[in-house]
Amino acid sequence: MNQAKLIKPILICICLLGALLVPVHRLDASSRETIQYALPRLVKIFGAGGVKNLYGYSTGFLVSPEGHIATIWSPVLDTDQLSVVLHDGRRYEAEVLGAEPHLDLAIIKLKSERDLNLPYFNYEEKATAGAGTRILGFSNMFRVATGDEPVSVLHGVIEARTDLPRRRGAFELSYTGDVYVVDAITNNPGAAGGVIMTYDGKLLGMIGKQVRNAKTNTWVNYSLPIDVLSKSIRQIVTGKFESSEDQNEPEPSIVERYKPIDFGLVMVPDVLFRTPAFIDTVLPGSQVAQAGLKPDDLVVFVNDELIKSCKTLKSELGKLEAGDTVRLVVRRENQLVAVELQVPPEKKIKE
């Protein structure tokens with residue numbers, strides 16, 4: 001009788017211990033399987049850049065067996081010599097099929113005369129997850145992988161799915177919807193365009209650009225949810241894309257704190273609906289003159305925002321705040337040149 005009383009609690013303890021160990025074993029096995037599943041579906045992208053803080057590499061993920069790749073919309077893609085390296089080291093030239101700058105999303109396509117039949121992510125599943133979900137982050141951060149080396153994998157936890165506070169100026173994020181905020185340091189140089197996944201293999205989102213929280217001025221690690229991106233991915237891949245910017249192109253900012261002339265820029269006459277933002281003249285002794293910008297340079301990015309015309313250039317410069325650092329990327333012949341300027345104190349308008 002006494003032995004029975006003694007054995008019973010021991011058995012209960014063994015059962016509880018077993019119950020605790022089994023999920024841990026399954027969790028480890030699941031994450032390993034997810035890593036093995038994901039790596040062949042990630043690619044390294046190499047393109048324009050390589051000067052100052054303008055990185056010439058990023059990450060992407062395959063969304064079709066024919067070689068369609070979803071990635072971040074960035075200056076890396078602004079070149080005619082875009083190359084992609086698969087997980088096994090195969091290298092292909094690629095071209096940009098389309099982009100949705102509002103979502104920081106671009107779709108590129110591998111150039112190949114053969115049927116590729118590549119492994120790919122099913123972005124149509126539109127998986128979601130809540131706070132506390134453990135995740136894996138995959139990306140080519142810091143250009144660690146250039147050949148058949150696997151991309152880097154980080155473990156983390158989703159802290160929240162929430163809108164990210166915006167700030168005009170140095171805060172470089174055009175997207176205004178929900179994002180996944182994670183505790184792992186996923187948003188490193190070159191990581192944009194990678195993915196986060198649950199431990200059991202669900203694709204949750206695409207890693208975004210490096211940005212700072214507008215309220216705390218601290219770096220934020222976030223991903224754009226796949227359920228937000230999936231519609232634009234499908235439309236671009238199928239050739240039925242209608243950009244939200246084309247449908248509802250924002251009017252230039254009413255309050256324009258700064259104009260190109262405040263930095264020493266004189267642009268070409270704005271006579272068309274979308275006059276390309278070519279520099280006509282650089283004022284001697286101005287900031288842009290000291291930074292090395294020249295007449296005939298084409299402004300293509302302001303703080304990573306795509307500049308499609310003289311109007312959008314004026315709009316982006318108008319949003320700046322005194323003391324910010326603004327980064328301009330210009331195309332000069334076949335090269336990209338990046339410069340950083342300090343936004344001067346705001347001029348007070350005389351009434």
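What you see is a predicted model; the values in this text were computed from it and never measured. One is the number of the first residue; the rest follow in order along the sequence.
Rounding to the nearest 0.5 angstrom, the gap separating the CE atom in M197 from the OG atom in S223 is 12.0 Å. Expressed to the nearest 0.5 Å, how far CG of L136 lies from OG1 of T198 amounts to 8.0 Å. The line from CG of N187 to CD1 of I207 is 6.5 Å long, rounded to the nearest 0.5 Å. From E95, atom CD reaches atom CG of L82 across 9.5 Å, with rounding to the nearest 0.5 Å. Interatomic distance, C310 SG to L265 CG, rounded to the nearest 0.5 Å: 10.5 Å. Put simply, OG1 on T133 and CD1 on I158 are 4.5 Å apart, with the number rounded to the nearest 0.5 Å.
Nearest heavy-atom pair, W73 versus A99, reported as atom, atom and distance to 0.1 Å: CE3-CB, 3.6 Å. The two residues Q290 and G285 make their nearest non-hydrogen contact at NE2-O, 3.3 Å. The two residues T71 and A192 have their closest heavy-atom pair at OG1-O, 4.5 Å. Closest heavy-atom contact between L203 and A127: O-CB, 3.7 Å. Considering all non-hydrogen atoms of both residues, T186 and N221 come closest at N-OD1, 3.0 Å. Nearest approach of E316 to I307, heavy atoms of both residues: CG-CD1, 3.8 Å.
Atom NZ of K111 sits in a crowded spot, with more than 12 heavy atoms from other residues, nucleotides or ligands closer than 6.0 Å. The 12-atom threshold is not exceeded at OH of Y120, counting heavy atoms of other residues, nucleotides or ligands nearer than 6.0 Å. D88 CG: more than 12 foreign heavy atoms inside a 6.0 Å radius. By the neighbour-count criterion of 12 heavy atoms within 6.0 Å, atom CG of D296 is sparsely surrounded, having that number or fewer from other residues, nucleotides or ligands. Counted within 6.0 Å of CG on L283, heavy atoms from surrounding residues, nucleotides or ligands total more than 12; the atom is thus considered enclosed.
Note on Y123 and L229: same hydrophobic cluster, where clusters join Ile, Leu, Val, Met, Phe, Trp and Tyr whose side-chain heavy atoms are under 4.5 Å apart, directly or indirectly. Residues V195 and L105 share a hydrophobic cluster, clusters being chains of Ile/Leu/Val/Met/Phe/Trp/Tyr side chains in contact below 4.5 Å. When the side chains of ILVMFWY residues are joined at heavy-atom separations under 4.5 Å, either directly or via intervening members, V84 and V96 end up in a single hydrophobic cluster. Both L320 and V299 belong to a common hydrophobic cluster when Ile, Leu, Val, Met, Phe, Trp and Tyr are linked at side-chain heavy-atom distances under 4.5 angstrom. Transitive grouping of hydrophobic side chains (ILVMFWY, heavy atoms separated by less than 4.5 Å) keeps L204 and V151 in distinct clusters.
Taking the charged nitrogens against the carboxylate oxygens, R234 and E124 do have a contact shorter than 4.0 Å, which makes a salt bridge. D297 and R331 are not joined by a salt bridge, as no carboxylate oxygen comes within less than 4.0 angstrom of a charged side-chain nitrogen.
Side-chain atoms of S315 never come within 3.5 Å of backbone atoms of K311 as a donor-acceptor pair (strictly under, hydrogens ignored). A donor-acceptor pair under 3.5 Å is absent between the side-chain atoms of N188 and the main chain of M141, judged by distance alone. With hydrogens and angles ignored, the 3.5 Å screen pairs no side-chain donor or acceptor of S139 with any backbone N or O of G194. Looking at Q287, its side chain does come within 3.5 Å of a backbone N or O of Q342 through a donor-acceptor pair. No side-chain donor-acceptor contact under 3.5 Å links D324 to the backbone of V343. Not a single donor-acceptor pair under 3.5 Å links the side chain of Y222 to the backbone N or O of Q210. When atom types are taken as modelled, the side chain of E149 and the backbone of G147 share a donor-acceptor pair closer than 3.5 angstrom.
For the side-chain contact (heavy atoms from CB on, under 4.5 Å) test with I279, the passing option among V268, L293, L313 is L293; the others fail.
Using a 4.5 Å cut-off on side-chain heavy atoms (C-beta onward), L62 and L42 make no contact. Contact check for K109 versus E66: side-chain heavy atoms found under the 4.5 Å cut-off. Under the 4.5 Å side-chain criterion, counting only non-hydrogen atoms from C-beta, S152 is not in contact with N140. Two residues are said to be in side-chain contact when any heavy atoms from C-beta on lie closer than 4.5 Å; I45 and Y57 fail this criterion. Between K259 and L317 there is no side-chain heavy-atom pair separated by less than 4.5 Å. A heavy-atom distance below 4.5 Å is not found between the side chains of V330 and L336. Within the 4.5 Å cutoff, the side chain of I69 has no heavy atoms near those of the I107 side chain. At least one side-chain heavy atom of L118 sits under 4.5 Å from a side-chain heavy atom of L86.
Both the sub-6.0 Å distance and the 45° axial angle are not jointly satisfied by R90 relative to the ring of Y92. Cation-pi geometry between R161 and Y180 is satisfied (NZ or CZ under 6.0 Å from the ring centre, within 45° of the ring normal).
Under the 30°/60° scheme for interplanar angles, the aromatic rings of F121 and Y37 are found to stand perpendicular.
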Item checked: Verdict with supporting geometry, T59 and V43, side chain to side chain contact (heavy atoms under 4.5 Å, CB included) -> CA-CA 6 Å; T59 313; V43 304; 6.0 Å; no
Next item on the list: Go through the steps for K44 and R143 under the test side chain to side chain contact (heavy atoms under 4.5 Å, CB included), then give the verdict.
Entry: CA-CA 8 Å; K44 310 107 182 179; R143 199 177 182 178; over 6 Å; no
Next item on the list: With side chain to side chain contact (heavy atoms under 4.5 Å, CB included) as the test, would you mind laying out the steps for V179 and L224 before giving the verdict?
Entry: CA-CA 5 Å; V179 299; L224 298 154; 4.3 Å; yes
Next item on the list: Apply the test side chain to side chain contact (heavy atoms under 4.5 Å, CB included) to residues V228 and L103: give CA-CA distance (whole Å), side-chain angles for both, the deciding distance (0.1 Å), then the verdict.
Entry: CA-CA 9 Å; V228 174; L103 296 175; 3.9 Å; yes
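Between H155 and Y199, a ring centre-to-centre spacing shorter than 6.0 Å is recorded.
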